[in-house]
Amino acid sequence: MPSDPLPREFYDRDPTTVARQLLGKTLQRRTRRGLTGGTIVEVEAYLAANDSAAHSYRGPTLRNAAMFGPPGHLYVYSIHARYCLNAVTEASGAASAVLIRAIEPLAGITVMQARRGRMALVDLARGPARLCEALDVDRDLDGWDLTCGSRIWIDDTDALSTRSFRTGQSKRIGVTSAYEARLRFFVDGSRFVSGTRRDHSK
């Protein structure tokens with residue numbers, strides 16, 4: 001896959017805009033085992049203000065500090081001994097982010113299969129915790145600069161540019177607060193999307 005990391009200006013915007021435009025981009029992770037990654041097909045936006053589901057809602061802590069940092073950095077958090085990764089958006093202090101929920105695997109598939117102990121392509125990175133396991137992402141990457149193009153980044157190449165797709169929109173998944181917010185976006189019809197609740201915005 002090509003390597004042309006998205007610039008900081010891409011992330012320095014409203015998380016809903018960033019979330020929509022991340023669909024079709026390629027998430028890439030490089031380790032000693034080589035390059036792994038794929039096409040982003042599902043995301044969720046978490047807002048800086050009045051979003052009780054956002055980890056930044058109650059203010060900065062050691063755990064969520066990366067959310068309050070500059071745009072274009074990773075915020076990685078743990079849940080039930082597994083991990084989820086977010087791209088931080090807007091200016092420093094705003095504390096908004098986009099959770100990357102699923103990718104369609106493209107590179108390093110055998111490595112991802114070994115990490116997950118699974119062979120089925122559709123299950124390798126369908127859901128945020130599975131995604132992090134497949135790409136070997138943990139809290140060591142919390143705060144990592146996505147724009148520098150090493151270890152982990154999101155490529156400017158639009159992997160879906162040659163195919164037409166509709167953007168689906170629905171409520172977020174797995175949240176117990178602000179669950180009515182329709183801030184989950186996905187490539188409609190993709191079998192690599194993790195959720196089933198879907199309606200359409202365009």
Side-chain angles (χ1 to χ4, degrees), residues 1 3-30 36-49 51 53-57 60 63-79 82-104 125 127-160 167 169 172-175 181 183-187 192-194:
M1 293 188 293
S3 179
D4 186 14
L6 291 168
R8 199 164 317 282
E9 292 76 16
F10 177 92
Y11 301 98
D12 192 10
R13 299 178 295 164
D14 173 82
T16 303
T17 300
V18 175
R20 285 180 173 276
Q21 294 187 10
L22 279 174
L23 294 177
K25 305 300 185 188
T26 52
L27 174 62
Q28 303 195 47
R29 168 79 165 117
R30 186 177 296 281
T36 53
T39 306
I40 297 172
V41 295
E42 183 185 4
V43 295
E44 287 177 348
Y46 287 85
L47 311 181
D51 186 353
H55 286 183
S56 57
Y57 182 67
R63 179 173 178 258
N64 67 15
M67 280 191 77
F68 291 83
H73 286 246
L74 267 187
Y75 166 49
V76 180
Y77 65 88
S78 60
I79 179 169
R82 304 182 79 181
Y83 301 95
C84 298
L85 67 89
N86 302 256
V88 176
T89 57
E90 298 185 289
S92 295
S96 64
V98 175
L99 171 67
I100 302 176
R101 288 194 55 89
I103 64 170
E104 176 180 342
R130 292 175 176 179
L131 168 61
C132 283
E133 186 176 18
L135 298 186
D136 190 25
V137 171
D138 58 23
R139 285 280 293 175
D140 285 345
L141 286 170
D142 184 50
W144 183 260
D145 188 349
L146 289 167
T147 70
C148 68
S150 64
R151 296 187 70 187
I152 187 167
W153 67 95
I154 300 173
D155 200 275
D156 197 27
T157 302
D158 191 335
L160 298 179
T167 299
Q169 181 176 358
R172 293 178 293 203
I173 295 175
V175 297
L183 293 172
R184 172 178 169 255
F185 305 96
F186 53 90
V187 174
F192 298 95
V193 168
S194 67

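Just so it is clear, the values below take in all heavy atoms, side chains as well, and ignore hydrogens, waters and symmetry mates. This one's a predicted model, so the numbers in the text were calculated from it and none came from an experiment.
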So Y77 and I79, do their side chains get closer than 4.5 Å, heavy atoms only? yes
Are R8 and D145 side-chain neighbours, meaning at least one heavy-atom pair lies under 4.5 Å? yes
Looking at D140 and R151, is any side-chain nitrogen of the basic one under 4.0 Å from a carboxylate oxygen of the acidic one? no
Candidates N86, L22, V88 - the one meeting side-chain contact (heavy atoms from CB on, under 4.5 Å) with V98: L22
Any idea which heavy atoms bring E42 and L23 closest together, and the distance? N-CD2, 3.7 Å
Can you check whether R29 reaches L141 side chain to side chain, under 4.5 Å on heavy atoms? yes
Would R13 pass as a cation-pi partner of F10, given that its NZ or CZ must be under 6.0 Å from the six-membered ring centre and within 45 degrees of the axis? yes
Backbone of W153 reached by a side-chain donor or acceptor of W144 within 3.5 Å: no
Counting N and O atoms only, with roles assigned by atom type, does the side chain of D4 sit under 3.5 Å from a partner on the main chain of D155, one being a donor and the other an acceptor? no
Strictly distance-based, threshold 3.5 Å: is any side-chain N or O of R184 a donor or acceptor partner for the main-chain N or O of I173? no
Would you call R63 and D142 a salt bridge, using N to O less than 4.0 angstrom? no
Any side-chain heavy atom of L47 sitting closer than 4.5 Å to one from P15? yes
Is there a donor-acceptor pair under 3.5 Å between the side chain of R172 and the backbone N or O of A45? yes
Between I103 and G37, what is the shortest heavy-atom contact and its length? CD1-C, 3.8 Å
Start with the C-alpha gap between T147 and Y11, add the side-chain angles, then the distance that decides, and say whether side-chain contact (heavy atoms from CB on, under 4.5 Å) holds. CA-CA 10 Å; T147 70; Y11 301 98; 4.2 Å; yes
If you look at every heavy atom in L131 and R101, which pair is closest and at what distance? CD2-C, 4.4 Å
For F186 versus V193, what's the shortest heavy-atom pair and its separation? CB-CG2, 4.0 Å
Using a cut-off of 6.0 Å, state whether more than 12 heavy atoms not belonging to Y57 lie near its atom OH. no
Whether T36 side chain and L135 backbone form a donor-acceptor pair below 3.5 Å: no
For side-chain contact (heavy atoms from CB on, under 4.5 Å), just list the numbers for K25 and D156, CA-CA rounded to whole Å, side-chain angles, deciding distance to a tenth of an Å, and then say yes or no. CA-CA 6 Å; K25 305 300 185 188; D156 197 27; 4.0 Å; yes
Which atom of A95 lies closest to which atom of S56, heavy atoms considered: O-OG, 2.8 Å
Where do A102 and G127 come nearest, in terms of heavy atoms and distance? CB-N, 3.9 Å
